[in-house]
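Here is how names work: the chains are called A, B, and so on, in the same order as the sequence lines, proteins then strands, and each is numbered from 1. Nothing here was measured: the structure is a model prediction, and the numbers come from that model.
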There are 2 protein chains.
Amino acid sequence: MSSGYTTEPTTLVWTQTAGMPVSSLTDPALEDVRDLLDTGFEHGEMITLVGRCAIDYDGRASSHLPPGERLVICKPDGTLLVHRDEQRKPVNWQPPGSTHSVCLDDDRLIVESVRSSPHEELEITFKTVAQASRLELDDMSELALEGSEEDLRQRILADPDILETGFNAMATERETSAGPIDIYGQDADGTPIAVELKRRRVGPDAVGQLNRYVEALERNRPGKSVRGILVAPSVTERATELLASEGLEFVSLTPEQADTS
Amino acid sequence: MSSGYTTEPTTLVWTQTAGMPVSSLTDPALEDVRDLLDTGFEHGEMITLVGRCAIDYDGRASSHLPPGERLVICKPDGTLLVHRDEQRKPVNWQPPGSTHSVCLDDDRLIVESVRSSPHEELEITFKTVAQASRLELDDMSELALEGSEEDLRQRILADPDILETGFNAMATERETSAGPIDIYGQDADGTPIAVELKRRRVGPDAVGQLNRYVEALERNRPGKSVRGILVAPSVTERATELLASEGLEFVSLTPEQADTS
DNA sequence: GATTGGATCTCGGGC
DNA sequence: GCCCGAGGTCCAATC
């Protein structure tokens, strides 16, 4: 059962798994691929295509990709992905909410995906398809993720002294004319503090962000000084210089409690 | 040939396409999936798995995803993607350069992917696999994309007057202590100008970025005024306020020549 | 719908 | 390797 592979140059293979619906065609005629896509789109199934195709995109930008062999994924929520054999990002795609369609044009299979607001079109032209599959995926679980900026915030709110002895957190997402401050509070002397949180090492952009908030607070309270503290695991050299030139401060903290075993 | 599907509850299907190597197992024993993965990893092929699995990730952050049916893609460059039936982004992944391995543990198939620098681990535990495929994708084409910030830069360099009459572009990526300026130049009066380009509508972050560059230039030339111009198709209200409060300017331009047909 | 900023962002270029 | 900013960023939360 485990070792005896049988090599079959099949031109049309249809299989239906009992537990997890997977219907697949191997080396199919484009006509059959069209039917599979129509059925899959109608039933709200996920579809994977492997084949040689060219791709044209027009929308927020525009692109052209000459023919090559790729993996195409159409999700029931309107997502479309085109993956090459390298890179984490799809070479082309459509976001969720797009509408997929398929048509046969002479000896080419054309998969089209259209989105509105903004209007975007993706056209995939297949010359050959090596594999086409319909997948009905049942997945109700939710991802539990730790180590986000939100975890860093909770860590500070649970024990404000880890930021600075006597720190008093008074608000989160406190609004300013420049945007919301992650944590707004006061130091032991009652001086206002704007705290900007980052879950990882920060560069100049985070300093600019904190500076905008501090300046917005100072504009509202002329004459009264406001401290700005950037909280992150670490900071780059250029960001350190910017912090100094703006009179801002840095405190090193990670989202996760350090392992003190 | 087109309509006569045959329904076969196949437990082991192996097909080898001539033109485009695609080897696939449908509803296989986990032992066979392990062999397919080992072979695929060794030959540098792309692999797709469809099945019910749980996923644990630990690295820059950490996450746990309870069992569910998903599509897993392993690329020969070390990329690993786990896709659910919705969303454009994979629910879990490993970046290119990771090392994949597989092992059979009792009645579970475990696919592991490890990366170093930073160290990250991804572990996928399959209870059942509905489909496993090896793909050898031949794709030498390169994506041609239009409408990038680089196109906007070229547009201005080709005709500086579209930014402002008499503008003189003197350098691109001109270095400052706060980072490189997209275009550095002078106006008709000889006043220095820092130009920050964005291919799409901009918010407060772009204003902060431009402001950092302008302040860096002014720090180098005390007393001498420096203009800052943000170039983008449009700008949000809050960004407009920030521009005003910082004494910066805005010019509306898109990466693409407007259609004047 | 527009806005805003986080993200295991990814990715490329420069040093 | 780190740093830095672009991206068809995607995405959720908020207004």
Rounded to whole Å, NZ of Lys198(B) lies from P of dG8(D) at a distance of 13 Å
Salt bridge (charged side-chain N to carboxylate O under 4.0 Å, His left out) filter on Glu175(A), not counting sequence neighbours, yields Arg238(B)
CZ of Arg212(A) to OG of Ser245(B), rounded to nearest 0.5 Å, is 10.5 Å
May I ask you to decide whether Glu150(A) forms a salt bridge with Arg153(A), counting only side-chain N to carboxylate O separations under 4.0 Å?
yes
Check: Does a distance-only test, which skips hydrogens and angles, find a donor-acceptor pair under 3.5 Å between the side chain of Glu149(A) and the base of dG6(C)?
Finding: no
Sugar-phosphate only, base, or nothing, as touched by Glu196(B) at under 4.0 Å among non-hydrogen atoms: sugar-phosphate
Under 3.5 Å, which protein N or O atoms sit close to an N or O of nucleotides 1-4 of chain D? Give each pair with its distance.
residue	atom	partner	partner atom	Å
dG1(D)	OP2	Ser117(B)	OG	3.0
dC3(D)	OP1	Arg201(A)	NE	3.2
dC3(D)	OP1	Arg201(A)	NH2	2.1
dC3(D)	OP2	Arg201(A)	NE	2.6
dC4(D)	OP2	Thr236(A)	OG1	2.6

OG1 (Thr79(A)) and CZ (Arg115(A)) are apart, to the nearest 0.5 Å, by 10.5 Å
The side-chain contact (heavy atoms from CB on, under 4.5 Å) partners of Asp151(B) (sequence neighbours excluded) come to Glu146(B), Ser148(B), Pro255(B), Glu256(B)
Report each atom pair, protein N/O against N/O of nucleotides 11-15 of chain C, whose distance is under 3.5 angstrom.
residue	atom	partner	partner atom	Å
dC11(C)	OP1	Arg88(A)	N	2.8
dC11(C)	OP1	Lys89(A)	N	2.8

When rounded to whole Å, the CG to P distance for the pair Leu143(A) and dC11(D) reads 13 Å
**OP:** Indicate whether OP1 or OP2 belonging to dA6(D) is found under 4.0 Å from a side-chain N or O atom of Gln209(B).
**Re:** yes
Note: contacts of residues 54-65 of chain B with DNA chain C (heavy atom, under 4.0 Å) are Tyr57(B), Arg60(B), Ala61(B)
Heavy-atom count around Arg219(B) CZ within 6.0 Å, excluding the residue itself: above 12? yes
> Can Arg199(A) and Glu149(A) be counted as an ion pair, charged N to O under 4.0 angstrom?
Replying inline: no
note: Glu146(A), atom CD; dG6(C), atom C1'; distance rounded to Å ~ 18 Å
Separation of dC10(D) atom C1' from Asp77(A) atom CG, nearest Å, is 13 Å
So, does Arg200(A) get its side chain near the phosphate of dG6(C), meaning an N or O under 4.0 Å from OP1 or OP2?
no
* Asked: Are Arg84(B) and Asp139(A) within salt-bridge range, i.e. N to O under 4.0 Å?
  -> yes
Going through the distances and angles, do Gln154(B) and Leu152(B) end up as a side-chain contact (heavy atoms from CB on, under 4.5 Å)? CA-CA 5 Å; Gln154(B) 292 304 329; Leu152(B) 175 54; over 6 Å; no
Hits for side chain to side chain donor-acceptor pair (under 3.5 Å) against Glu45(A), two or more places apart or cross-chain, chain-then-number order -> Arg134(A)
Any luck finding a side-chain donor-acceptor pair between Ser63(A) and Asp56(A) under 3.5 Å? no
Check: Between dC4(D) and dT8(C), how far is it from one P atom to the other, in whole Å?
Finding: 22 Å
Atom CG of Leu145(A) and atom P of dG6(C) are separated, to the nearest Å, by 16 Å
Ion pair check, Lys127(A) and Glu69(A), cut-off under 4.0 Å: no
Exercise. Could you tell me whether the phosphate oxygens of dC10(D), OP1 or OP2, come under 4.0 Å of any side-chain nitrogen or oxygen in Trp93(A)?
Key: yes
Separation of dT9(D) atom C1' from Arg199(B) atom CZ, nearest Å, is 10 Å
Separation of dC9(C) atom C1' from Asn92(B) atom CG, nearest Å, is 14 Å
Rounded to whole Å, the CD-C1' distance (Glu173(A) to dT3(C)) equals 14 Å
